[in-house]
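Below you'll find the structure, written out as C-alpha cells, and then a few comments.
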Number of protein chains: 2
Amino acid sequence: MANLRDVARRAEVDPSTVSRVLRDDPSQQVRPETRERILTAARELNYRPNALARGLRTRRTDTIGLIIPSLDNLGFSDVTHGIQAAAAAAGKLVMVVDAGAVDGSAPEWAEVLDGAVDGGEPGASPASAAATKGDVYERLIGDGRLDGLIVAFAALDDRHVAQLAERGIPLVLVNRRTTGVHGSVVVDDVRGSAVAVEHLVRLGHRRIGLIGLAADTDTARRREAGYRQAMTAADLAIDERWVEAGPPTVEGGRAALYRLLAASRSARPTGIVVASLMSAVGVLSALRDSGRHVPDDISIVAFNDHPFADHTAPPLTTVRMPNLRMGQEAVRMLLHALDGVPVGDLVVPDAPELVARESTAPPRD
Amino acid sequence: MANLRDVARRAEVDPSTVSRVLRDDPSQQVRPETRERILTAARELNYRPNALARGLRTRRTDTIGLIIPSLDNLGFSDVTHGIQAAAAAAGKLVMVVDAGAVDGSAPEWAEVLDGAVDGGEPGASPASAAATKGDVYERLIGDGRLDGLIVAFAALDDRHVAQLAERGIPLVLVNRRTTGVHGSVVVDDVRGSAVAVEHLVRLGHRRIGLIGLAADTDTARRREAGYRQAMTAADLAIDERWVEAGPPTVEGGRAALYRLLAASRSARPTGIVVASLMSAVGVLSALRDSGRHVPDDISIVAFNDHPFADHTAPPLTTVRMPNLRMGQEAVRMLLHALDGVPVGDLVVPDAPELVARESTAPPRD
DNA sequence: TCCTAGGGTACTCCTATCTTT
DNA sequence: TAAAGATAGGAGTACCCTAGG
C-alpha cells in the first residue's frame, strides 16, 4: 500500500504538500501544475490515506458507535435503518455492537423490543478474556476509535450509561432517557398510547386494557401514562385488573394476556392496547389458543408498525411511531455534539399514526 | 485522557515497560513489584491504550467489516447474529455497512468521499458523479481500519468483490461465491430445496413450482438446481410455467406469484417452494387476496426459518438453514485468514431442517 | 558469560504549524 | 506574497540495548 511519502516522491514534492492537496486545504496555495502532478501520482499509486494515522493526528475518526440490544428485532429495524442512512449521508461509518450477541445471550429475536431488559452477567463465559460485556464496551469507547456513540433502547443499564457519559464521549440515547445524561431522542409515547386508546374509543369501546412494558424504564412509564391520561380524557374508568405488563417478547405477551384474563373473569375488557409489537403477536396467538376471536371478541392495537403486521392473523392494527426519523435525529444530534454544540433532549415531533388493520372492530356487546 | 507516558511517569518506569506489562508481553520479564506499580498507576489514571496508535504500529485493528444488503431482512438475522456473536467472542469489533442504507444516501455522500483522492476529473464538476457504492467500500477497506471483511449475500456485485480481493484484504463471502475469490461459506442450498420438494412430495403433491431468487447469483442458481434435481429424483415433471423468480421482498413475492398464476392458467401447481422467507410472506398475502386458500388450494414452503413464521396466516412451513452457524464459520474463517492461513470454500455441513407448520397439506385433488 | 529487569530508539502515517525561497 | 519545504508531534509497539549480579 502506497503512503504519503510514496506519492510525494513520485510527484517530486514534500509530503506535507501532498497532504495539503489531497485534503483540499484552503489555507495554502498550490500551483495548479503541482497539484496536477500530485493528483496523478496519487491515482497511479492507488493511494488511500490511512485512517488510523489521520485519526491519530486529527482526533477524529469519522466513525460513530451504535449499541443496540439486538439487531434482529422487528421493532428496531426502522431505527437502525435511520441511523445507518443518516450516518452514510454524513460520511460517517458505523460500528455496531449487538449487545445480545456480546452478552452471549440466546439469539432469541424477540428478547428485547423497546423496553429494558438488563441482562445478567455472563458468569459462565470463560471463553476469551475480551468477551465480557463491560470489557467490550469499555474498549470500544475508551479506545479513541469512535467520535461518538448512540445507545439505543435499553442496550446498557444506567450504570454503564453513566460511565460513558463521565468519559466525556459525545453520547446520544435513543428512546431511552437517564437522569443527568444529556442528549436523547424519544418519540411521543404518551401521544402514541392516546392514539391507540382514541381509536378504540371511536369504535365504541369503553372497557379498554393495557399490556405495558414490564421494565422500569422511561418508555414504559410514558406509554402507561399516555394510556391513563387518554382514558381519563375520554371519561372512561380504568379497572386495574385490565392493566398488565410483561417483557416485550412473544412469550411475554402471551403470559401477560393470560394473567389479564385470569384477573378479570367478571369484567373483561373489549379492547387492549399492547405496548410492544412482539407482545402483540404473542397476545394474538394466546387469544387464538384460548378460543377467542380477534377482533370480534376482543380488539388489539399494538405499538410500533412493521410490514409484517400486514401478515399476522389477523393483520394487526398498530400505532406507527416515527422510528426512522428518531434514528436520523439521533445521528443529527450526535454530529452536533461532535461539533461542540450542546445537545438537549428531543421528542421527535412527528405524530404517531394509527395504521388500521383487522385486529380492531366495534365491540360486539 | 491519560496516555502511556502518563502511566510511565506515575509508575516511574519507561513507557516501553508499561507497554510490555499491559500487553502481557511474555518475551520479557518484569518484577512483580514493578508490574504492580504499573497496573496500579494505569488503574488510577483510568488508562486505555489508544486503538489508533496501536493499530498504526501493529497493523491490526481487531476490527472486521460486514457488508450486508439490508439489516432488516428476517432471512439474514441469524447470519448477522452469528457473526456478531463469534466476533465478540474473539474480541473483535464489527463495522457494519448496510448496503441498502448507503445506496439510498443523499448526494452529500459523494462530496465527502471524493474530498480525499478519488476525485474524478480535476476540471469537471466536484466529482459527485463518482459517488458510487464502490467508493464507500473502497474507503472503508482501503483505509487500514479493518483487518478483514465479510461480504454477506449479494451486497456487492462481482466486480466490486473482485476489486476488494485484488487489494489483498482478507475476505470471506457469506452465502455467495465468486470465481477466483477464495474464502466463502455457504449453506447447502441444493439440499435445502430438496428438503422442501421432498416434503411436498411426501404429502402427495406432484405439480410443484418454484419461486426463486431473481438475482443472477450462485445462491439463486443452487436453489433452483436443488429444486430441479429433487423433482427429477422424484420422477416429477417440471412445467416451466411453474418456475418464477423475484427479488427477496414481500412485493417481489407477490409479483412473482401473480406472474406464475397468469402463466399457468391451464395447469396450476398444487405446491410451491419459495426461495426466500420475505417472498413467501408476499406469496401468502397474494394468494389470500386472490381468493385462494393455503394450504387447501395450494401449499407453500419457504426457505429460511424465523420465529415470525409461527405467526403468519397461516403459519409458514419452512426449511431452516444453518444460518447462525454460517455466520460463525465466516468469522472463524476470516480469523484464520488474518493469521495467514489460506482459507477455502466451506459448505456448512449442518443439514437443512424442515419446520412443518400449517402452510402445507396434502393436495385436494 | 549469561540472565534479569528494564531503558532507549525508531518506526507506523498523517497533519498542523513554522520557516524558507 | 505565493509556493513549497521542514519539523514536530499524535500514542503506541517492535526491536535492540545495557547495567548489574
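A note on names: the letters A, B, ... follow the listed sequences, proteins ahead of strands, and every chain is numbered from 1.
- Evaluation of atom-type donor-acceptor distances gives no pair under 3.5 Å for the side chain of B/Ser19 against the base of D/dG12.
- Between A/Leu334 and A/Lys92, the closest side-chain pair of non-hydrogen atoms is not below 4.5 Å.
- Nearest nucleotide to the side chain of B/Arg23, out of D/dT13, D/dA4, C/dG7: D/dT13.
- If you check every strand for non-hydrogen atoms under 4.0 Å, B/Asp14 touches a base.
- The backbone N or O of A/Arg145 sits less than 3.5 Å from a side-chain atom of A/Thr61, completing a donor-acceptor pair.
- If you find the closest nucleotide of DNA chain C to B/Val18 and to A/Asn50, the one lying nearer the 5' end belongs to B/Val18.
- For the pair B/Met1 CE and D/dG10 P, the computed distance is 16 Å after rounding to whole Å.
- Between the CG atom of B/Asp25 and the P atom of D/dC16 there is a distance of 14 Å, rounded to whole Å.
- A 6.0 Å sphere centred on CZ of B/Arg5 holds no more than 12 heavy atoms belonging to other residues, nucleotides or ligands.
- Comparing C/dC13, C/dA16, C/dT9 by their closest approach to the side chain of B/Ser16 singles out C/dT9.
- In this model, the phosphate group of D/dA11 is approached by a side-chain N or O of B/Asn3 to a distance below 4.0 Å at OP1 or OP2.
- One finds a side-chain N or O of B/Arg59 lying less than 4.0 angstrom from the OP1 or OP2 phosphate oxygen of C/dC13.
- Positionally, the nearest nucleotide of DNA chain C for B/Val13 lies more toward the 5' end than for the other of B/Val13 and B/Leu56.
- Summarising the geometry, the separation between CZ on B/Arg31 and P on C/dC3 is reported as 19 Å, rounded to the nearest angstrom.
- Looking only at distances, no side-chain donor or acceptor of B/Asp339 sits under 3.5 Å from a matching main-chain atom of B/His336.
- The CG atom of A/Leu22 sits 9 Å away from the P atom of C/dC14 (whole-angstrom rounding).
- Using a distance-only test at 3.5 Å, with no hydrogens or angles considered, no donor-acceptor pair links the side chain of B/Arg10 to the main chain of B/Glu44.
- D/dC15 is paired with C/dG8 under the criterion used here, namely a Watson-Crick or G-U wobble arrangement in which both key atom distances are under 3.5 Å.
- Listed candidates were C/dC14, D/dA3, C/dA5. Nearest to the side chain of A/Pro49 is C/dC14.
- Considering only the side chain of B/Ala53, D/dA11 comes nearest among D/dA11, C/dG7, C/dC14.
- Across all strands shown, A/Ser27 has no heavy atoms under 4.0 Å from either base or sugar-phosphate atoms.
- With hydrogens and angles ignored, a donor-acceptor pair closer than 3.5 Å exists between the side chain of B/Arg57 and the base of D/dT13.
- Counting distance only, with no hydrogens placed and no angle test, the side-chain atoms of A/Arg20 and the base atoms of D/dG5 include a donor-acceptor pair under 3.5 Å.
- Between B/Asp6 atom CG and D/dG10 atom P there is a gap of 11 Å when expressed in whole angstrom units.
- Atom CG in A/Leu4 sits about 9 Å away from atom C1' in C/dT15, given to the nearest Å.
- When the nucleotides D/dA4, C/dA16, D/dG12 are ranked by their closest atom to the side chain of A/Thr58, C/dA16 comes out on top.
- With hydrogens and angles left out, the side chain of B/Arg5 and the base of D/dG12 share no donor-acceptor pair within 3.5 Å.
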